[in-house]
Amino acid sequence: MQDDLFGDGAAPAPVPPSARPSKKSAGVQAVAATAPLLALAQDLPHTLRMGVSTWSYPGWDGLVWDGVYDASTLSRKGLTALSQHPLMRTVCVDRSFWRPLSTEQYAQMAAQVPEDFRFVVKCPNVITDALVRSEEGQGQQRNSAFLNPSLAIEQFVVPALAGLGNKLGVLVYQLSPLPWELLRRPDHLWQPLNALLATTRAALGAAPNVIVAVEVRDPLLLQEAFIQVLQSNAATMCLGLHGKMPPIEQQLPLLRKLWPTPLVCRWNLNTTFGPFGYTAAQEKHQPFSEIRSPDRHTRNVLARTIHGITCAGQPAFVTISNDAEGCAPLSIQLLAAQLQSLANPSSN
């Protein structure tokens, strides 16, 4: 099987940002799409949307941006340029996890992208973390707002839906690692999660195409009861590809139990860095301009999963972090090339 666009498993590195002058323009300009990239995009299934997690990386100069811009400028003004990339039809809004965003903030993002673009939005962790944590991330006490349906509707569902409108694609409830007293009695989790999802689905009555997904960071929660809660509320499991979770092939059996279901996948962290490896991954991968930790196995299994689900007519949302392989835009290109190979096996 053709493994990538470039024949040897490695994508070409762009010109280093340090070698190019910084741009001081009113807006961020997209790099011109190449003919091979446009052709690759044409071969992808229309029901597939791939994208990145956040977009404020100067190292994507030559891959997404047409020059060097500072992170602040990219965060505020880079979304339009990002959405012009032929392979990117979605993006994950990570910052909503750290604090609730307003309707106006969501509307500003929606105004920067074309009509066919869709957003994956994470629920604020004040609702999805069972603990109140210190600035260092240490759990201090139980969170009384954990899985609170009313708060979720007020601070998450309503603002996202009102601000993004028909550009809202997926609402993700990412449950932070649970304390042991909840993990050893997960039956205490399913009832409030069921209530949260039922309330969410009711609030989306006028937007039935919005996908609701739950991502967990505790392997012990990958059990039949979890699947039953999701099925009861027309929700799906988000494949969380992360050092805290089993590899993708061990998560797929639960996803199959939900079939037919959309695919929501967030490839967050290369498992070689372990469950607490974000800092090490960031240090190795900066400035995020090339593949430095290739994970061909995950890419291969993910490509086959996307191919099977989209061929059955189901939508697929796949967002990738720089910490997956070192450079999210290049990971997306490599994944797209493998999907092209699966769709056209005779050309390999």
Check whether any side-chain heavy atom of [X] sits under 4.5 Å from a side-chain heavy atom of [Y], and report yes or no.
X	Y	answer
Gln333	Leu87	yes
Tyr173	Leu193	no
His297	Val301	yes
Val52	Thr319	no
Leu263	Phe317	no
Pro100	Glu154	no
Phe156	Val121	yes
Asn270	Asp323	no

Lys/Arg N to Asp/Glu carboxylate O, Asp70 vs Arg76, below 4.0 Å: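 Salt bridge absent between Asp70 and Arg76.
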
As a quick check of understanding, evaluate side-chain hydrogen bond (donor to acceptor under 3.5 Å, both in side chains) for Ser331 and Glu325, giving each step before the final call. CA-CA 7 Å; Ser331 291; Glu325 296 187 290; 2.7 Å; yes

Using modelled atom types only, decide if a donor and an acceptor are shared between the side chain of [X] and the backbone of [Y] within a distance under 3.5 Å.
X	Y	answer
Arg304	Leu342	no
Thr80	Gln112	yes
Gln141	Leu131	no

Take the angle between the ring planes of His285 and Phe273 and call it parallel below 30°, perpendicular above 60°, tilted in between.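 Perpendicular.
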
Take the angle between the ring planes of Phe119 and Phe117 and call it parallel below 30°, perpendicular above 60°, tilted in between. perpendicular

Can you tell me if CD on Gln286 sees more than 12 non-hydrogen neighbours from other groups inside 6.0 Å? yes

Can you confirm if the NZ or CZ of Lys122 lies within 45° of the ring axis of Phe97 and under 6.0 Å from the centre of its six-membered ring? yes

Test Leu175 against every option in Asp218, Leu147, Leu182, Asp129 by the side-chain contact (heavy atoms from CB on, under 4.5 Å) rule and name the one that passes.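 Of the listed options, the one satisfying the test is Leu147.
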
